[in-house]
Structure formats: C-alpha cells, structure tokens
Amino acid sequence: MAPTHPPKIPPPPAPHWKSAKGGAVAATPASASETDDLFLKKAWEIALAPAKAIPMNAIMMYMSGNSLQIFSIMMTVMLFMNPIKALSAVGSTFSRYDNERTHARLWPVKLAFIALQLATIALGIWKVNGMGLLPTTRSDWLAWERERQPLEYSAPIFQGAFPQ
Amino acid sequence: MRFFSGVLLLPCFVASVLGIFKDDAYHTDWHIPLIGPSLPTSTFFHQPNQDSKASLIYSLTDRSILAAINPKDGELVWRQQLKESAVNVARAGNGVVVSATGTSVSSFNAGNGRLVWENAFSQNVVDLRITPANKVAVLFADGVVRLLDDKSGDVAWEWRELDRCADDVLVCAYGDANFLRNSTDVPLSLHVTKSTLTVASQSLKKLWVSTIDLATGKSTSSTTHISTAADIPAKHQAHHGDELLSWTEESGRTLKFVALPSTTPASVAIPNDVVETVLLSSKDDVVVHFKTHGESWAHVYKVDAKGVASEVYAVRPRLGAHSAISLNSAGGKTYLVWTLPNGETVLYDVAKEEALASYTLINATEIDPRHSVSEVVPRPDGTSFAVRTFVSSAAPGFVGDSYLIRNGELAWSRKESLVSVVASTWIELLDPSTEEIVEELDAETHKSVGAAYVHRVTRHLNELSLYGPAWIQALPQRILGGFVNKGTEMPTGKWRDFFGFRKFVIVITAEGGVAAIDVGRNGEVVWQASLVNAGEKFRGVSGIYEVRKGHVGIVCTGGSYVEYNAFDGIEVLKQDFTPSVLSTAQVDTQGGKKIIIALLSNNKAIALPMGVDAEFDSVHLTVKDSTRSIKGIRVSPNLISSPTWTFVPPVGESITTIEGRPAHDPVASIGRVLGDRSVMYKYLNQHMIVISTVNPTAATASIYLIDSVSGSILHSATHAAVDVTQPIVATVSENWVIYSYFSDEAAEGTAKGYHLVVLELYESEFKNDRGSLADADEVSSFKGAGKPHVLSQSYVFPSAVKAFAVTDTKQGITSRDILALLPGTQGIYSIPKRVLDPRRPVGREPDAAEKEEGLFIYTPVIEIDPKSIITHKRKVMGLKKVVTTPSQLESTSIVFAYGGDLFGTRVAPSLAFDVLGKGFGKIQLVATVVGLTIASFMVAPMVRKKQINARWSL
C-alpha cells in the first residue's frame with residue numbers, strides 16, 4: 001500500500017555535501033606502466049575476492065543442513081544469484097582497468113574471476129544435490145516410467161454375490 | 001481494490017469447508033439396523049412389564065435376531081443376535097421374552113433386552129411355552145420336556161416318557177447306555193393349559209398327545225392318539241393360542257384342530273385351490289384363514305365348554321393373494337383384524353358377522369401382508385377403536401418388510417427385506433455443472449481451434465446472462481451460509497454433490513428384489529423393483545454392473561438380463577435366454593462401451609445385451625468349477641469360449657476363495673521409493689488372482705497367486721496348523737495381497753491366534769531393476785513375464801475377519817486402508833496399509849533411510865485401536881461384505897457394507913488433505929484480513945510522515 005507518487009517536497013537548502021573524490025586528487029601523476037601495474041594489481045584483487053568467500057560459504061552451507069527450510073533455501077539461492085550476476089557483468093567489472101595496454105594482460109585475471117565464480121556455483125550445485133534437488137537418482141524419473149501394458153485382457157470375475 | 005477482490009474471493013474458500021474428521025462421526029456415516037423377516041409365531045405385542053401401559057412389538061426373525069420395536073416410530077428399543085439356527089422360537093413371559101434358537105434357551109428382560117439367563121442343552125429345541133406361573137416349558141428334539149425356572153433357567157423337572165409311551169410295542173429303558181429308542185417318534189409341539197402341559201408327537205404316522213402335570217412333571221394320563229393318517233406340517237401349530245393343536249390330514253385337504261384338554265377334533269375341509277391355510281386362536285375363538293392365488297377368506301369358530309367347535313360365521317372372500325389376519329382380545333371381547341393386500345384393515349368382533357370398522361390406507365400402495373399381529377383398544381364410546389397392526393409383508397423380491405398400520409394410516413415401515421442383500425454395484429450420479437452442457441462441450445472438441453474458441457466465448461456469455469444475476473443474488477446467502485456452518489444439503493434426484501459423496505448403490509436381495517440405496521442421503525431407498533413375479537423363486541444373481549451412464553444391468557442366474565434406469569428404476573430392457581449362467585464379466589468394447597460376457601452352463605458364451613454389435617478383444621475369464629478345480633476360459637471376439645488352463649490343488653486341498661484385483665484399482669506410482677532414493681519396482685499384474693485352499697486332514701491352508709491368463713503359479717505359500725473351519729479371507733490390490741487365517745495348535749514357530757499375512761510383489765529383488773523384461777513397454781502373460789519377488793510378513797490380529805475391503809480413491813495417490821469386517825457387533829476396522837508392510841525392520845529400530853521411507857519397527861501384534869473402528873460406537877449386526885468406491889475428492893473413499901444391517905460412511909486414509917476441516921477458523925481468517933487491512937490504512941499516513949521527516953533530518 002505504498003504511495004505511488006511521492007508528495008512534492010521543496011528543494012533542500014544549500015548543500016553541505018562533501019566531495020566524494022575530494023581527498024584523493026593530490027598525488028603525483030604516475031607513469032603509464034606504473035598505472036597499468038597498479039590497475040592489474042587492483043584487478044587481481046577483485047578477481048580473487050570470491051575465493052575468500054568460498055570457504056565461508058562452504059562452512060555456512062555445511063552448517064545449514066540439507067533440510068528444505070526457508071533459511072537454507074535462501075542461502076542456496078544467493079549462492080547461485082551472486083555468481084550469475086557477477087558473471088553477466090564481467091566486462092563492466094574490469095572496464096575501469098581496461099585500456100589498450102592492459103587489455104591482453106587482463107585475460108588471465110578475467111578467467112580467474114570466472115573460474116572462481118564457477119567454483120561458487122559448483123558449491124551451490126553440491127549443496128542442491130545434498131538437498132536432494134538434483135534429479136540424479138532413479139526415483140526422480142519414476143514418474144516418467146510407465147506401467148507395462150498387458151497384451152492380453154482379463155476381466156475381473158463377478159464377486160458381488162457371496163457364497164450362499 | 002485488492003481488499004474487495006479478496007472479499008469477493010471468500011465464498012470460494014467457504015464453499016469448500018467440508019471434510020472427514022473425527023467430529024464427523026454420526027454426520028458422514030449412517031446405519032440402518034435391520035432384524036430380518038419376522039417369524040409368524042414368534043412376533044407379538046407384549047407389555048415389557050406388568051404395570052406398563054404401553055406395549056412393544058417383540059419379534060424373533062429368521063436371522064435369529066430377537067428385537068423389541070417401539071410401535072410408535074418403528075425404532076428398535078433393543079435387539080439381540082442369537083445363535084443362528086433353523087429353529088427359532090420366542091414367547092412372551094411376565095417381564096421377560098424367552099427365546100430358543102438351536103440348543104439354547106435364553107431369557108431376556110423385556111424392557112431393556114438384557115440377558116436374564118441362558119441355558120444350553122444337547123438337543124435342539126422344538127417348542128417352548130411359558131406356563132401361567134411364568135416358568136418355561138421346553139420340548140426338545142429327543143422328546144424330553146424340561147421345565148425351567150423363571151429366575152435362573154435351571155431345570156425344575158424333566159419328563160422323558162415320550163418315547164416309552166408313544167409306541168406300545170417298544171419299551172425303552174433310560175439311564176443306561178444301551179437304551180432303545182423309537183426313531184419314528186417326532187415331537188411336534190407343546191401346549192399349556194392351566195395346570196397341565198400337552199406334548200404332541202408323531203409316531204407311526206399318527207398324532208399322539210401326552211399330558212404332563214405342570215407341578216410335578218409326571219404324566220397324568222397315558223398317551224393317546226387323536227388322529228389317523230396325519231400329515232402334520234409343523235407350521236399348523238397354533239399361532240397365539242396355547243390351548244389349540246391343529247394338523248392337516250389327507251394330504252393337506254382336511255384341517256383338524258382340537259381345543260385342549262379336549263381330544264375331540266373339529267374338522268374343516270380345505271378347498272382345492274387353497275395354497276396356504278393359517279389357523280389362529282385366542283382362548284376359545286378359532287379362526288381359519290384360507291388363501292388362494294387370487295383371494296382369501298376366513299372362517300370363525302367358537303369352542304364350547306366341552307371342547308366342541310362350531311362355526312360362528314365366515315368372512316366374505318376378498319381379492320388379493322396376500323392378506324393377514326390377527327386376533328386380539330381386549331375388554332373381554334376378541335377382535336379379528338384383517339389386513340388386505342392394499343393395506344385396507346377390516347375389524348370384526350368374532351361374535352358378530354358385521355364388520356365393526358374398516359380403514360382404507362391412503363399413504364401406501366401394495367403392502368402384500370404375509371402375517372400380522374394387532375392390538376385393538378375399544379374407545380370409551382364403544383363404537384370406535386384404536387387398532388394397530390404390525391404387518392410383515394411378502395412382496396415379490398422383498399420378503400419381510402414390516403409396516404405398522406394405525407387406524408388405516410401407515411405409521412412407519414421398516415425395510416427388513418434388505419437384510420438379505422447379496423450383491424451390489426455402484427452408480428455414478430450426474431454432475432449438475434457439466435451435464436447440461438455435455439453436448440456443447442462435445443461440439444467444442446470436434447471443431448477447429450478458432451471455431452471452438454468462438455463457440456466457448458459465446459457459450460460463456462450466454463451462461464453469464466443466464467445464471468449470472470441469480471448467482472450474484474445468492475452470493476450474500478452463500479457467504480453467510482459458509483459462516484454459520486450448517487453443512488451443505490445433499491442434492492436429490494440424479495444429481496451428485498460437488499465432492500461426489502452422493503452415489504447410488506444398487507443392491508439385489510436373495511429373493512430377487514432390486515433396490516437403489518442413496519449412500520449420500522443416509523441410505524434412503526430411492527426406488528425398488530423386482531426381478532421375479534409373484535410366486536416365482538429367484539435363482540440368484542450372476543452379475544450386476546453399471547453398463548453405461550445411469551444404467552444398471554443385472555444378469556440373473558436363471559437366464560435373464562434386465563437393464564434398469566439407475567435413477568428412477570424404470571426397466572429399460574429385459575432379455576431371456578437359456579440355459580443358466582455360470583459366470584459373468586464386464587468387458588470394454590473397442591468403441592469405448594461396456595458389454596457383459598456371460599458364460600452359460602453349456603460352456604457357451606454370450607454378449608449381453610444381446611443383439612448389440614460390439615467389437616471386443618478376446619478376454620480371459622476365471623470360473624470356479626468345483627472345490628477341486630478352477631478353469632481359465634478365453635472368450636474370443638466371435639464369442640467362442642475355449643478353456644485355457646485348469647488349476648487343481650494338491651490332493652486333499654479344497655478351494656475356498658478366489659479374489660482378483662478390483663475393476664477400479666488405479667496405481668499412482670509403479671515403484672516404491674526407498675530411503676536412498678532408489679526404486680523397488682512393483683509387480684503390477686492385472687491378471688493376478690489369489691486362490692486360497694484348505695486341507696482339512698493335514699490342517700493346512702495354502703495361498704496360490706495365479707496369472708489368470710496363462711494359469712501359471714506366481715507364488716504359493718502353505719501354513720501349517722490352521723483351523724480350517726474358520727474362514728480364510730483374502731484381498732488383492734496393486735502389488736499386494738492380504739489374507740487372514742486362524743492358526744490353531746501352536747506349531748513350530750507360530751502363534752495361536754488369527755494371523756494377518758501380507759505379501760508384497762516386486763519385479764525384482766534388486767533396487768532400480770525392472771526384472772527380466774527391463775524396459776519393455778508391453779508384457780504378455782504367455783511370454784515369460786517372470787516370477788515376482790515376494791516379500792511377506794505375518795501379524796497376529798486379535799479378532800477373526802469376515803471380509804476384507806480396500807479403500808479406493810480416484811487416482812490411487814492416497815494411501816490405502818484395509819477395511820476388515822469383524823464378526824459380531826464389532827464393526828469395521830481400518831488398518832493402514834503402511835502398518836501391514838513387509839519391509840518393517842524386525843528386531844531393531846529403523847535406520848535413517850528406513851525412517852525416511854516411513855518404516856517403523858515390526859511389532860507382531862496389531863492391537864485394535866477403538867479410534868480406527870469406522871463404525872465407531874454403532875452396533876452393526878450381520879454384515880457380510882464391504883464395498884468401496886472413490887469420491888470426486890482424491891482423499892476420500894466411500895464405503896458401504898451389507899449382508900445384514902446396512903452401513904455407509906466415508907473414509908480418508910491420508911486424512912482429508914484436499915478439503916478444509918470443520919474446525920477451520922473462517923471467522924478468525926476473515927477477521928485477520930479485515931483487521932490487517934484497516935490497520936494498514938491507518939498506519940500508512942503515519943509511515944509516510946515518518947519517512948519524510950527522516951529525509952529532512954539528514
């Protein structure tokens with residue numbers, strides 16, 4: 001029942017916002033190769049960040065058990081959502097460090113990032129399998145199996161009248 | 001807006017509030033207690049105790065049930081099931097009703113039906129009388145007369161002189177082992193006068209009477225013969241008079257009666273066309289009632305002080321084969337009440353020829369009286385009377401229905417004839433929501449997509465204009481009705497209710513009557529018809545099937561096929577054929593219709609109804625030939641029957657039961673999922689039948705599972721030390737078989753008691769394996785379908801089981817309950833199938849995987865839990881068979897039991913998971929929704945204000 005149109009609010013008085021980049025500009029300009037090295041270093045940091053999360057995720061998945069409860073389901077969903085989001089935005093994640101010089105050198109970084117995201121997804125799949133949600137057993141396909149059709153036809157004998 | 005749509009949706013929830021929970025007891029189930037056809041000499045009006053003004057009707061029936069009926073409303077005050085026997089006698093004593101069935105005599109408190117005493121003897125009882133001192137005189141089949149004490153039932157004296165005296169030639173000596181007995185001596189009846197007892201017996205084709213002094217038990221005079229060349233059918237004993245002895249002579253053409261203690265008989269000639277003669281007496285008034293096939297009349301006699309009878313008058317003949325006369329004394333006068341076939345009652349004074357009163361029955365048609373008892377009370381004005389007559393009828397097909405006619409008005413009736421129901425079939429009722437548009441729906445399926453769409457939209461628009469306004473008008477009432485929870489009324493006529501709880505069951509009585517019982521409306525009889533004409537004997541039913549929507553087809557053993565409209569009982573078709581029928585089966589034709597294949601006694605097969613073109617594939621039937629052989633018969637499409645196999649059990653065994661899978665036995669899953677998510681594939685063979693045999697000499701019982709197409713034995717088991725006199729009953733469904741037997745002597749490793757054995761059949765003993773046929777889509781019984789892997793387990797059950805039934809639901813998804821019909825008045829007990837599971841771990845707790853599978857530790861004894869008795873507190877009597885059918889709700893199965901009483905209920909083996917229970921808090925739910933809506937409307941501005949303030953404060 002949230003209002004669809006916010007009420008009209010008068011413009012705020014003179015801003016007192018601090019500049020976001022305010023303190024970061026007073027530095028000597030580095031050379032291009034130094035900048036590229038810095039870029040790559042930064043990119044590696046970003047790429048390896050998921051690796052730090054994997055052990056924690058694994059512990060959490062292990063602890064939350066295999067029962068189907070809202071908590072474990074939500075965690076498992078997050079385990080898939082985040083890597084997929086990250087994978088769909090690989091280009092934009094590293095675009096800041098991407099220029100003509102670093103472009104080729106960024107490939108291993110990107111691959112490492114993708115591999116780690118896939119590892120997280122693999123963790124999720126392991127978890128889902130543990131929860132029994134993957135159709136890997138015979139019983140999962142039982143509903144598609146059919147009763148054998150008999151070639152002969154026998155009619156049930158009339159059993160209404162009990163012996164007199 | 002959403003709020004309002006929520007309110008509009010409410011009725012949808014409310015409408016579905018109905019279900020099967022414990023508080024449904026006495027709401028969803030019904031019970032019609034029946035006692036059976038009353039016996040003419042053992043039915044009477046009687047005051048429960050001396051100082052009570054009102055009297056009850058006491059009746060002993062041919063089912064050996066002694067009952068007290070309230071004459072006001074026809075309700076049973078009490079009833080007692082006595083030992084079933086061919087000889088049943090009941091007499092009224094002071095404050096008690098004494099009855100004899102078989103060899104035992106019991107006395108019941110007339111007011112509450114409690115047993116006062118019971119005394120069992122070695123011989124069958126022939127006759128029983130109450131003496132003026134309220135003692136019980138009993139005549140036994142060996143000619144012994146015993147006087148039993150009224151308080152304790154102990155023998156006061158014994159009289160054993162019948163054999164010694166009845167024949168002058170033979171002398172018998174009692175008291176030692178080698179006594180000589182005249183075997184032609186047949187005791188017939190016992191008569192009580194003030195101080196003496198008279199025993200009538202037949203010996204050397206003569207009728208003899210012996211008189212015994214009541215006080216001492218000694219003969220007062222020597223035995224005399226009072227007749228020559230007597231035929232003496234037992235039914236010519238006096239009805240209500242203790243002092244009258246009657247018999248027929250000359251092959252039934254002369255009726256003689258003698259008013260004891262006189263020995264001079266009066267003689268009445270019986271006209272040639274008379275088929276039934278009934279003699280009634282009350283003190284010194286005697287009435288002889290003659291019935292021919294077309295009319296009936298009566299002669300009234302008066303016996304004078306010397307014992308000489310003279311005719312007073314004759315009652316004019318009236319049309320109608322069946323009529324009943326009863327005598328009743330009141331205020332020093334004796335009244336004769338004559339009930340005519342159309343229910344008309346004529347009242348006479350036995351002293352006067354003119355009728356005192358005549359009452360025409362308005363509210364009933366033919367009642368076909370067989371015998372009656374009446375109670376006449378003259379009103380103070382002297383000219384009008386209060387007459388009530390209890391009539392037992394003999395309509396063709398329905399023998400024993402009882403009526404109470406009170407001054408020409410049918411006060412109540414009891415359908416006692418339905419006690420003899422032998423067969424039944426279920427009839428689906430029509431769905432009111434689709435029945436009217438069935439043609440239109442059919443048209444839509446045959447049109448192209450576009451045309452069908454246009455057709456549907458126009459149909460919906462038409463329906464909206466047709467039903468819409470009425471629906472909206474009825475809306476407030478429906479919402480209100482949902483809250484007051486008064487329960488939905490079952491529809492009438494041929495319409496089913498929304499959940500399909502209302503179904504008809506068409507039953508057939510042993511006498512050839514057909515009745516439609518509305519299981520949804522407490523067992524109301526909707527219509528009835530007769531398969532026999534008056535006077536014909538019914539030879540039994542060989543098949544009753546729902547042949548198409550709303551039609552029931554009945555195959556009579558005698559050689560006829562009758563089809564009725566199942567909704568109104570109108571006979572649609574009747575075909576006669578010869579010779580008689582051995583067995584029948586219902587077969588699907590290629591056109592999706594159903595026909596009946598009947599195997600005749602000359603081994604030919606015919607398709608019923610005759611003359612209908614029906615193409616069907618060849619069908620295999622199973623016929624029980626004798627107790628030593630079962631035959632498999634193949635009927636080819638051109639109706640040529642040829643035997644395919646014969647099953648003969650090992651020497652000494654005789655076949656007791658054959659059971660097959662029910663016609664409707666849906667299987668939701670073809671495998672059983674184990675705890676580790678592997679699958680055990682069920683062995684699902686539609687041809688599987690179970691045969692049980694007993695070997696009386698070796699005291700063994702065997703079970704054979706047979707493929708009814710190929711005749712191959714799939715599995716067999718033999719149990720030692722079985723009491724073969726107790727019934728062995730079995731049932732089959734899906735991939736399992738359950739049977740019960742009584743294990744007698746404790747043989748090696750068995751327990752004495754009733755055993756329930758479950759067999760579960762799987763395609764292979766290995767998991768995830770479909771056996772030798774592997775992925776094959778088709779299976780032929782002839783091409784080595786392989787033997788099943790059988791798991792079995794045995795349980796001890798505290799009670800005998802008379803019959804089994806398995807709950808049946810629409811899709812078979814709901815778990816099954818096994819309904820075990822227990823003997824006596826114990827009712828129907830439901831055992832969940834998961835209790836009878838051969839995979840339950842024995843001697844250890846189940847492990848995690850087994851727990852996940854729902855298994856629990858094996859306990860050898862299944863205790864009877866009173867909560868699982870689906871007849872709960874009701875005392876059901878004489879039930880012989882239980883049948884089940886699905887309702888429209890997957891959770892619910894409809895149950896009907898017959899064979900004595902009639903009982904119907906609904907069961908939900910997995911609880912009512914698809915309907916809301918009665919305890920569902922509709923009011924709380926609506927109140928919560930309304931409360932939350934109001935609260936959110938109130939809180940919304942406050943939250944908005946707070947959010948704005950929060951922004952500004954930053």
Side-chain angles (χ1 to χ4, degrees), chain A residues 1-20 62-69 72 76 125-164, chain B residues 422-425 508 510 540-545 555 583-587 597 617-623 658-663 667 669-671 673-674 676-679 684-687 689 708-709 767-768 773 776-782 803 880-881 899 936-937 940 944 948 951-952:
Chain A
M1 287 298 189
T4 45
H5 299 288
K8 292 223 161 153
I9 303 167
H16 297 285
W17 317 126
K18 285 178 193 158
S19 168
Y62 174 73
M63 298 298 274
S64 63
N66 284 339
S67 55
L68 287 178
Q69 285 161 353
S72 55
T76 316
I125 289 170
W126 166 77
K127 172 71 179 171
V128 167
N129 186 35
M131 289 165 96
L133 297 178
L134 287 189
T136 51
T137 56
R138 190 76 176 251
S139 58
D140 297 314
W141 303 97
L142 188 60
W144 281 268
E145 288 188 74
R146 287 287 156 82
E147 186 178 346
R148 289 198 194 103
Q149 289 309 306
L151 291 173
E152 294 86 15
Y153 179 65
S154 74
I157 40 178
F158 175 68
Q159 301 178 350
F162 37 74
Q164 298 290 306
Chain B
V422 290
S424 71
T425 192
I508 297 191
V541 59
S542 290
I544 171 166
Y545 303 99
V555 186
S583 174
T584 61
Q586 193 169 36
V587 172
I597 301 289
D617 295 325
S618 57
V619 58
H620 294 262
L621 308 176
T622 312
V623 179
I658 316 174
E659 290 289 335
R661 277 179 68 183
V667 178
S669 171
I670 63 159
V673 180
L674 306 185
D676 60 1
R677 300 200 184 91
S678 57
V679 181
L684 298 166
N685 186 345
Q686 292 179 1
H687 315 310
I689 56 168
S708 66
V709 170
K767 295 169 181 175
N768 297 342
L773 287 171
D777 287 331
E778 288 173 333
V779 59
S780 165
S781 295
F782 296 115
K880 291 201 173 77
K881 197 170 165 68
S936 57
F937 270 118
R944 208 175 299 136
I948 293 163
R951 286 202 175 181
W952 278 110

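Numbered from 1 within each chain, the chains take letters A, B, ... in sequence-line order.
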*Against chain A, label Q586(B) side chain, backbone, both or neither, depending on which of its atoms sit under 4.5 Å from a heavy atom there.*
backbone
*Are V587(B) and Y153(A) side-chain neighbours, meaning at least one heavy-atom pair lies under 4.5 Å?*
yes
_Quick check on the structure: residues of residues 128-141 of chain A within a heavy-atom distance below 4.5 Å of chain B, by number._
G132(A), T137(A), R138(A), S139(A)
_chain A contact via D777(B) - which portion, at a heavy-atom distance below 4.5 Å_ = backbone
_Which residues share a side chain to side chain donor-acceptor pair (under 3.5 Å) with S583(B), sequence neighbours left out_ = none
*Would you confirm whether R148(A), through its side chain, and A776(B), through its main-chain N or O, come within 3.5 Å as a donor-acceptor pair?*
yes
*Select one option (side chain, backbone, both, neither) describing which atoms of T622(B) are under 4.5 Å from chain A's heavy atoms.*
both
_Between E152(A) and S781(B) (side chain of the first, backbone of the second, donor and acceptor by atom type, cut-off under 3.5 Å), is there such a pair?_
yes
_Using heavy-atom distances under 4.5 Å, tell me whether T584(B) contacts chain A through its side chain, its backbone, both, or neither._
both
_Heavy-atom cut-off 4.5 Å, strictly under: side chain, backbone, both or neither for T425(B) against chain A?_
neither
*Value rounded to 0.5 Å, distance of CD in E147(A) from OG in S669(B)*: 10.5 Å
*Flag the one option from A155(A), P150(A), S154(A) with the top tally of heavy-atom pairs under 4.5 Å to chain B.*
S154(A)
*Proximity breakdown for V709(B) and chain A, heavy-atom pairs closer than 4.5 Å*: side chain
